Amino acid sequence: MNHPKRYLITAALPYANGLKHIGHLAGAYLPADTYVRYLKAQKRDVVFVCGSDEHGTAIPIQATKEGTTAQAIIDKYHPIIAQNFKDLGIAFDIYHRTSDPLHHETAQEFFTVLNNNADLEIKESEQYFDESANSFLADRYIKGTCPNCAYESAFGDQCERCGKSLSPDELINPVSTLSGNKPIKKATKHWYLPLDRHEDFLREWILKDHAADWRSTVLGQCKSWIDGGLQARAVTRDLDWGIKVPLAEADGKVLYVWFDAPIGYISATKQWAIENDKDWKPYWQSKDTKLVHFIGKDNIVFHCIIFPVMLKLHGDILPDNVPANEFMNLEGDKMSTSRNWKLEMQDYIDDFINKENGGPQLADALRYYLTQIAPETKDSEFTWKGFQDANNSELVNIFGNFINRALVLMHKLCKSKVPPLHVDLLDELDKATIAEISTATKKVESLLEQYKFRDALFEVINLARTGNQYMQKKEPWILAKQLDENGQITIEAQQQINNCLHICLQICANLAILVNPFLPFTATKICYLLKVVPKILEWENAGKLHLLRVGYTLRPPELLFRKIEDTEVAYQIEKLQKALETSKQESAAIPEIAAEKTIAPLKPEIVFDDFAKIDLRVGTIVSAEKVEKADKLLKLEVDLGFETRTIVSGIAMHFNPADIVGKQVSVVVNLAPRKMRGIESNGMILMAEDASGKLHFINIISDEE
RNA sequence: CGCGAGAUAGAGCAGCGGUAGCUCGUCGGGCUCAUAACCCGAAGGUCGGAGGUUCGAUCCCUCCUCUCGCAACCA
């Protein structure tokens, strides 16, 4: 096989506005780490870079939320995230950060090169400007009345109540959140990356050159983007948090975060080179470097379309592959920071690794399950029961048990020493089993080269399974009952036992090598038990039968993994539910706090005929439930007397489903059916808004009462 | 008809033109060195739905349904 001269492996830069969850881990960091560990075991020249992404408007916004500064936010999250990775065995060669001066220089140089080569376009546009704060306003910093639902605290990019995405120009009565003043329109100049100029290149490079080796999900998304028409994308923004645009005429402007963030891979490589006395340039400029980006699917457009265009213009190499993963759901629902439906790395570390019965084996247990269910071809799902099953039945019962029983038997039947191999006595089964070791090695190798991590891991476990089967057929514990007249095991039996356990122990050593990229802590522990140095983990040793020296005394067996108890699973599920409840209460409180005491503007006048078209009926809500994955929707069943209808209503922020069952409501019954989130809504519940923006049902006052 | 990806046993996935398979789980039997594995056997699928091409379709074509993404936060 022809290997590239060197590798540069990147994992998506985590955005430093909060803790990261296991979806991030499974999507980008874990596969990247596994791949890198494999390459390093192959003694290939590889650098694995990552770091915190610390710019963009979301950071100052998070700062406002936490009542602190943007700098304090990134200084808080950067080290925590770095430590989380370390605890889970994600071993970057460098974990850098985009706030570092080196990165600022690198990104500015990058911009300058593109700008000097006339690869950027300059466009002028009118943007909102806050005179008292003397600054242009990012979309998120403008609030106003939503043109769609009349909510007064809609953001410039989206209304939080009706969910409609907006541009600041659409807002009625825009207000700057910096000062509370009304912003003015002011002309501003921005630099754009004209992606449309590179359409031919992208088509050729992605859809033709990589048609065979990139994942179909990645290709599909790229095609969708290209076919949709590529447009120039703004490279700069009017903001004070970020990297200054290196031009005198661009005062008060910074590089747009999407532009500077991927350049962070280059800065990180430079920093690594400084620390290790290496030259960073070949890793980005030499054609014999293989560049691979590990990301989640939301990042495909940046890593497959935008960043490659930037790299090409700058004269750097292009990624050889971008093995993006799909998403990982959690217990039946999408992971979401805002809804608190997530498992953060920190939580897992606290609840498992840092417990007395924890330790690094629990890091490997998570790595195992996340790899086993990695969303390589489609979205997958993390469940605590699944985690328990995978850990208990595969890691503990098959893998751990094989190593344990091999060691236990060796101590019992071979005087705690590695027994000799009597080559002349090898039978067909012995030979087939030995052959299986190198077959497994080749399979794992080939699968890893294709980024098929879950299949590769299966092959590793499968070798342990083969070991169990082999041992079972040989039954050394039965052979040990063949005694001579002195009560000793007969020589013939002992030789059979020796061969069996010799092969089993060599399988153990091979398992350490094969499992090392996936479960590094476990590999290290196996080395300890077998009294071998970590150097044997080098991949060239895989498939070999001479890893353990005959006659060597090994350590007493220790268990590699512990079982996950039912109580732990129950505890985690309960914790998840509680967190969800907490966040529901918090988000339910948002409209009240956010609603200013201003009067909602009146809508345009209508005539009587408009009103007369509406067929109003009285109904009773018979059931109400939250619509999945929609913050604002409730699915209602409303009994109208003559029929019961399903009506989807955007009132979840205002009412608890349980509280409104049985309520009488006014229903517009002749509203055209409309599908929302896959549920057909037949009608509309009448609501009226009070002066503060709060919704109320239009009540029916019954004649009888 | 916006575009892309997906829908196959209880769960997770593979197969992609010729008697539907793997891992886990469940049930029954055997064995026991092991946090028990392993062996034998069993249950469980009209391969999302409807048409079409074909001697023959899970696999190819058309349409439809649903899920996820592109499109707040977000791998």
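Worth knowing before you read on, the calculation uses all heavy atoms, side chains too, and leaves out hydrogens, waters and symmetry mates. Fair warning: this is a prediction, and the values are worked out from it, not measured in the lab. Residue numbering restarts at 1 for every chain, and letters A, B, ... go by the order of the sequence lines.
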Provide, to the nearest angstrom, the distance between the [atom1] atom belonging to [X] and the [atom2] atom belonging to [N].
X	N	atom1	atom2	result
A:His21	B:C73	NE2	P	13 Å
A:Arg465	B:C39	CZ	P	9 Å
A:Leu447	B:A14	CG	P	13 Å
A:Asn468	B:A34	CG	C1'	9 Å
A:Arg454	B:C24	CZ	C1'	13 Å
A:Asn329	B:C68	CG	C1'	8 Å
A:Gln472	B:A34	CD	P	12 Å
A:Glu475	B:C38	CD	C1'	9 Å

* Fit a plane to each ring of A:Trp384 and A:Phe382, take the angle between them on a 0 to 90° scale, and name the class: parallel (under 30°), tilted (30 to 60°) or perpendicular (over 60°). =>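 Correct class here is perpendicular.
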
* To do: Anything under 30° is parallel, anything over 60° is perpendicular, the rest tilted; go ahead and classify A:His78 against A:Tyr95.
  =>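 Plane angle under 30°, so parallel.
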
Need one value for [X]: base, sugar-phosphate or nothing, where a base atom within 4.0 Å counts as base even if backbone is also close, heavy atoms only.
X	result
A:Val396	base
A:Lys412	sugar-phosphate
A:Ile373	nothing
A:Phe458	sugar-phosphate
A:Ile398	sugar-phosphate
A:Leu479	nothing
A:Phe402	nothing
A:Asn17	sugar-phosphate
A:Gly23	base
A:Glu394	sugar-phosphate

* Asked: Do other residues, nucleotides or ligands put more than 12 heavy atoms under 6.0 Å from the OH atom of A:Tyr256?
  ->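 Check fails, neighbour count at 12 or below.
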
* In the structure shown, which nucleotide is the Watson-Crick or G-U wobble counterpart of B:U58, with both distances under 3.5 Å? ->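 Looking at the geometry, B:U58 pairs with no nucleotide.
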
* Tell which nucleotide pairs with B:C13, taking only Watson-Crick or G-U wobble pairs whose two distances are both under 3.5 angstrom. =>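 Base partner found: B:G21.
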
I want to check one thing: is the phosphate of [N], taken as OP1 and OP2, less than 4.0 Å away from some side-chain N or O of [X]?
X	N	result
A:Thr377	B:A14	yes
A:Asn462	B:C22	no
A:Lys297	B:G6	no
A:Asn401	B:U35	no
A:Gln469	B:C39	yes

* To do: Would you kindly check if the NZ (Lys) or CZ (Arg) of A:Arg555 is within the cone defined by 45 degrees around the ring axis of A:Tyr528 and under 6.0 Å from the six-membered ring centre?
  =>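 Relative to the ring axis of A:Tyr528, which defines the angle, A:Arg555 lies inside both limits.
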
* **Between B:A14 and B:U65 - C1' atom distance, rounded Å** =>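 It works out to 25 Å between them.
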
* How about A:Glu54 and A:Asn17: does a side-chain donor come under 3.5 Å of a side-chain acceptor? ->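 A:Asn17 and A:Glu54 do not have a side-chain donor-acceptor pair below 3.5 Å.
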
* Asked: Does the side chain of A:Gln372 pick up a donor-acceptor pair with the side chain of A:Glu394 at under 3.5 Å?
  ->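 Note: A:Gln372 and A:Glu394 side chains meet the donor-acceptor criterion.
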
* Is it true that A:Phe307 and A:Phe302 have ring centroids separated by less than 6.0 Å? ->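 No, too far apart.
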
* What's the closest nucleotide to the A:Arg405 side chain, out of B:C33, B:U35, B:G6? ->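 Among B:C33, B:U35, B:G6, the one nearest the side chain of A:Arg405 is B:C33.
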
* Asked: What's the closest nucleotide to the A:Trp225 side chain, out of B:A71, B:C33, B:C74?
  ->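 So the nucleotide nearest the side chain must be B:A71.
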
